[in-house]
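A quick write-up on the structure given underneath.
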Amino acid sequence: MTTVSTPAGWPVTEEAARAVQDGLRTRVVLDEPGPPPGTGHVTGVDVAYDDERDVVAAAAVVLDAATLDVVAESTAVGRVSFPYVPGLLAFREIPTVLAALGALSCPPGLVVCDGYGLAHPRRFGLASHLGVVTGLPTIGVAKNPFTFTHDDPGTPRGSTSPLLAGDEEVGRALRTRDAVKPVFVSVGHRVSLDNACAHTLALTPAYRLPETTRRADALCRRALREAALL
DNA sequence: GCGACAG
DNA sequence: ATCTTGTCGC
């Protein structure tokens, strides 16, 4: 496990953080399909917090995309770098997530984030931000619709409905299990929305949430419990 | 101005 | 995100 501190120059105010987003958003690449599902590596990243102790732990878990077997994993801990503000989640998660990704012993391939990419007030959520900063293909799979609207997808697994910001499709509500609440998929960087949904389905053979985020969630919680950062 | 709001 | 017990069901 590695230890990280908040990067020099990291935004302190909400206004500064929004300015950073506006400066980076133009670098998001949307015209690549991304890797085909079931090939290469797929990596889940997630973060857990202990605001009492001011500690944050991140985990990255690399899976073989064909078998969903764990290929590699890593964790990182640090201090909380930003408060939770809707629309600015990336500034809270990215430093530790970058450290965890950097500690991996193999290439991550496609990165699956817990949250949104383009489905964001300024079209630059966590998944897009992480993609631009690393250059890696990324997608966002969120558990809640945030401020966006959607119709309920059909009952069968695989059914979708557009996730809308007004009349703009910023993502998709995707049913990953029959009759179970859908997840909300959006493009991060260098992946198409169709492909992002296909990957999400490939990663949900048994549970609502992708195996990537399930593994990363369990690992970062464990890392937080065991963190001795005092 | 007020409320809602990924994790 | 996090605080939290038991409980119903495959």
Worksheet item: Any side-chain N or O of A:K143 under 4.0 Å from OP1/OP2 of B:dA6?
Response: no
Worksheet item: Nearest-Å distance, CD1 (A:I94) to C1' (B:dA6)?
Response: 13 Å
Worksheet item: Does the separation of the ring centres of A:H150 and A:F184 fall below 6.0 angstrom?
Response: yes
Practice prompt. Tell me what A:Y84 touches on the nucleic acid: a base, only sugar-phosphate, or nothing, going by heavy atoms under 4.0 Å.
Written response: base
Discussion item. Measure CG/A:D50 against C1'/B:dG7 and give the value in whole Å, please.
Written reply: 15 Å
Worksheet item: Do A:Y84 and A:E93 get their side chains close enough for a donor-acceptor pair, meaning under 3.5 Å?
Response: no
Item to complete: For A:K181 and B:dA6, give me the distance from atom NZ to atom P, rounded to whole Å.
Response: 10 Å
Fill in: Nearest-angstrom distance from the residue atom NE2 of A:H120 to P of B:dA4
20 Å
Worksheet entry | Atom-to-atom span, CZ of A:F91 to P of C:dA1 - whole angstrom | 21 Å
Response to the item:
Separation of B:dC5 atom C1' from A:R122 atom CZ, nearest Å, is 12 Å
Discussion item. Measuring from atom SG of A:C197 to atom CZ of A:R175, what distance do you get when rounded to the nearest 0.5 angstrom?
Written reply: 13.5 Å
Discussion item. Is there a side-chain contact between A:V61 and A:T212 in this structure, where contact means two heavy atoms from C-beta onward sitting under 4.5 Å apart?
Written reply: no
Worksheet item: Which part of the nucleic acid, if any, lies within reach of A:G87 when heavy atoms closer than 4.0 Å are counted: base, sugar-phosphate only, or nothing?
Response: base
Practice prompt. Look at A:R221 and C:dT2 and indicate whether a side-chain polar atom (N or O) is within less than 4.0 Å of OP1 or OP2.
Written response: yes
Worksheet item: With a 4.0 Å cut-off on heavy atoms, is A:A48 in touch with a base, just the backbone sugar-phosphate, or nothing at all?
Response: sugar-phosphate
Discussion item. Side chains of A:R190 and A:D31, heavy atoms from C-beta outward: is any pair under 4.5 Å?
Written reply: no
Discussion item. Using a 4.0 Å heavy-atom cut-off, does A:L163 contact any base of the nucleic acid, only the sugar-phosphate backbone, or nothing at all?
Written reply: nothing
Worksheet item: Can you check the A:D217 CG to B:dA6 P distance for me, whole Å?
Response: 17 Å
Practice prompt. Take atom CG of A:L224 and atom C1' of B:dG7, then tell me their distance rounded to the nearest Å.
Written response: 14 Å
Fill in: Presence of A:N144 side-chain N/O under 4.0 Å of B:dG7 phosphate oxygens OP1/OP2
yes
